[in-house]
There are 2 protein chains.
Amino acid sequence: MVKITDVAKKAGVSVATVSRVINRQGNVKKSTEEKVLEAIKELDYIPNFPARYLKTKRTLTIGIIVPDITNPFFPIAFRGAESVVKQEDYTIILCNTFEDEYEEMRYLSILEAKKVDGILLIKAPPRSGNEQYMEKLNNLPVPIVYLDRLPQFQDIPAVVADNIGGGYAATTHLIKLGHRKIAIITVQYPLSVHRERLQGYVNALREHNISINKFYIKKGIPTIEEGISLGHSLINMKDRPTAIFATNNKMTIGLMRALEMAGLQCPQDISVVGYDDFDWENVFHPRLTVVAQPAYQMGETAAWLLIKILRDGVDSLPNKKIILSVELKIRESCGIYRQSKLKMP
Amino acid sequence: MVKITDVAKKAGVSVATVSRVINRQGNVKKSTEEKVLEAIKELDYIPNFPARYLKTKRTLTIGIIVPDITNPFFPIAFRGAESVVKQEDYTIILCNTFEDEYEEMRYLSILEAKKVDGILLIKAPPRSGNEQYMEKLNNLPVPIVYLDRLPQFQDIPAVVADNIGGGYAATTHLIKLGHRKIAIITVQYPLSVHRERLQGYVNALREHNISINKFYIKKGIPTIEEGISLGHSLINMKDRPTAIFATNNKMTIGLMRALEMAGLQCPQDISVVGYDDFDWENVFHPRLTVVAQPAYQMGETAAWLLIKILRDGVDSLPNKKIILSVELKIRESCGIYRQSKLKMP
DNA sequence: CCATTTTATGTAATCGATTTCCTTTAAATG
DNA sequence: CATTTAAAGGAAATCGATTACATAAAATGG
């Protein structure tokens, strides 16, 4: 492996000079700079980052911790983040936690040991009895920006979507179409995202004086299978809902599957609002009406925040929490409610 | 930051002893080991990886270079790879190239500089006039395993899917349904994957004595927009094909959109076979008949290969190239060809 | 032209671990 | 109990960069 001393020897200068050229700190004569550059090219020299870290304390690496990279929301957010950090020559270590806080803890320690310059964290649901971990999280030696999910109402750098607004928009849309029996399929984890979407749903119902039926509120883990099973349990209710709002994309897929298995047509027999907007949702049928989150922009913004913190410190931020708005995309999975058309089980 | 000397001081031993305990090299008395472990816990010490690298020459980090993480194939492969490397305590730097070989070159240099232990490369299409880069790729100082795409027929460690088989299976399926006018939408990049899928298509047609209509072979870049545009051009042909095989998942989505825009029903008016199998494809309509690749397993296998190389050297491999088989999933997007039902433009 | 300032370059310490080599201590052996 | 052997632990070199400090060379000004 060619190292800085080799370059120095070849160029006939000291390592200090080579270093100065590489890090363009000035105070190098034009002609020597050329000699050094020449030697670097000749030898195909690249500085050794881990060695460099020892003095500079920077790795030019950040970590992104996500619950599940196969959920299409996260790759989009990842790309958003990557697009901004690459301009500063950062590179990203990607970690999957599978919604498991222990995995998150493990990865966090590793990232700390590997001396990443900062972390973008999409939090796994907190486990009860693990409060001292939150304590640790708040005093991490490395800057951290929360993305999408806010574990508690704390004043920490974070980029989130307007989840209350999303839940509210979806539910209001269904109410305006005449639905009164509106169910919700959401996630049971103790995370802001899900609390807030449910809150938006409740707000909308309250505002229209629709009483809240607690049996219409189904919670589970965010998987397709769970979507199927919760979908089934709603379909099989005596007083079956005429519309269902699913607050998670994987559960939405499961719900659609459950409807199909039960022989129910969407939107004729039952209306559905899903969450997140992906390419295929506007092509295959039924075209889903969804709450679209600005996934890419969320990633960008979070990365931008982190870089700002890295550069100017956390106190330089005008406001730590950034809320991005969502958009209801009305397509074909919601119908007008008409008593006559409703099949009962 | 707490370092090994702090631990040594606290435990009343030398740094050498602490190091021996951490790396469990033996020759440490039980009682001293306990003292050291105690001090480590007390001080919350984690070894500094970049510093450690200087002596060990290992970062416990690998790089994965993908063309586009928002294409659902890649997150699945990523997870497969992660699932195996995490057992060896590796962590992954993920790099997106956007099918741009220059981006790939840039990332490769960075990964080299950051001293990753190995690289999993899903190649961007080679640019002409960039042959010396392939030369470099073949003599990289860091072990590399090719995944999915093989730039040339070389004897390098690689894990690929049976693309000829995939193209053949899809086309044969359509032929068996009575189709004779079978078009293909594929990718123009000079990569094995696409060459081979097309080869499978050609093989199947030849085998059934169906002449190859070069106007039925459409090539473009792998995006939804391109799928739409190539779909349009096929639909608008005087002698419109009765079936279309799309060899890329994003182009498949575009194709479906084009059919819809033209008012064509699938499978009644035209049959479609797509590529790759994702959750939603079995739920939304038309349910696509697809060639399913073992994405997760491909990631696993490639990671496993890489780790084997890291452990035992590249010469320890029984065979460098591993081909995994694909599966034709027959669903509802292909119909039996009947002359009478065919609408002509 | 010389004193002084500015610019250019080199020497050596340093970052935080691992590891070789050596010394000390303990255990085993006859 | 003396001697040999094995186990335990420490001192210091080392990995490949950056950088503080020292010094040499060039530029500037009177």
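All values below come from the heavy atoms of this structure, side chains included, with hydrogens, waters and symmetry mates left out. Below, chain A is the first sequence line, B the second, and so on; all start at residue 1.
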Margin query: Measure CG/B:Asn23 against C1'/C:dT19 and give the value in whole Å, please.
Written below: 10 Å
Check: Can you tell me how far P of C:dT18 sits from CG of B:Asn48, to the nearest Å?
Finding: 10 Å
Next item on the list: Taking heavy atoms of chain B and a 4.0 Å limit, find me the 5'-most and 3'-most nucleotide of DNA chain D within that range.
Entry: D:dA8 to D:dG16
Next item on the list: Can you tell me the distance, in whole Å, between the CG atom of A:Leu54 and the P atom of C:dT18?
Entry: 12 Å
Note to self: Check whether A:Tyr53 forms a cation-pi arrangement with A:Lys57 (NZ or CZ under 6.0 Å from the six-membered ring centre, at most 45° off the ring normal).
What the structure shows: yes
Check: What closest approach, in Å, do A:Leu137 and A:Ile144 show between heavy atoms, and which atom pair accounts for it?
Finding: CD1-CD1, 4.3 Å
Next item on the list: By nearest nucleotide on DNA chain C, pick out whichever of A:Glu33 and A:Val15 is the more 5' one.
Entry: A:Glu33
Check: Can you tell if the side chain of B:Ile307 reaches within under 4.5 Å of the side chain of B:Trp304, non-hydrogen atoms only?
Finding: no
Check: When we call it a touch if two heavy atoms are under 4.0 Å apart, what does A:Thr17 touch: a base, just sugar-phosphate, or nothing?
Finding: sugar-phosphate
Check: Roughly how many Å is it from CD in A:Glu34 to C1' in C:dT9, rounded to a whole number?
Finding: 17 Å
Next item on the list: Using atom CD1 of A:Ile4 as one end and atom C1' of C:dT11 as the other, report the distance to the nearest whole Å.
Entry: 14 Å
Check: What is the nucleic acid contact for A:Thr5, judged by heavy atoms within less than 4.0 Å: base, sugar-phosphate only, or nothing?
Finding: nothing
Next item on the list: Cation-pi check, B:Arg127 to B:Tyr102: give yes when NZ or CZ is under 6.0 Å from the six-membered ring centre and within 45° of the ring axis, no otherwise.
Entry: yes
Margin query: If you count every heavy atom of other residues, nucleotides or ligands that lies below 6.0 Å from B:Lys9 atom NZ, does the total exceed 12?
Written below: no
Check: Rounded to whole angstrom units, what separation is found between the NZ atom of B:Lys3 and the C1' atom of C:dT18?
Finding: 16 Å
Check: In terms of side-chain heavy atoms of A:Val13, which of C:dA17, C:dT19, C:dG10 is nearest?
Finding: C:dG10
Margin query: In the structure I gave you, are the side-chain heavy atoms of B:Phe74 and B:Pro67 within less than 4.5 Å of one another anywhere?
Written below: yes
Next item on the list: Carefully, step by step, assess A:Asn130 and A:Met105 under the rule side-chain contact (heavy atoms from CB on, under 4.5 Å).
Entry: CA-CA 11 Å; A:Asn130 204 10; A:Met105 292 167 69; 3.5 Å; yes
Checklist line | N or O in side chain of A:Ser14 less than 4.0 angstrom from C:dT9 OP1/OP2 | finding: no
Note to self: Taking any heavy-atom pair under 4.0 Å as a contact, classify A:Asn27: base, sugar-phosphate, or nothing.
What the structure shows: base
Checklist line | Spacing of B:Arg20 atom CZ relative to C:dT20 atom C1', expressed in whole Å | finding: 10 Å
Next item on the list: Measure the distance from CD1 on B:Ile46 to C1' on C:dA17 and round it to the nearest whole Å.
Entry: 14 Å
Next item on the list: Assign each of B:Lys55 and B:Lys29 to its nearest nucleotide of DNA chain D by heavy atoms, then name whichever residue's nucleotide is nearer the 5' end.
Entry: B:Lys29
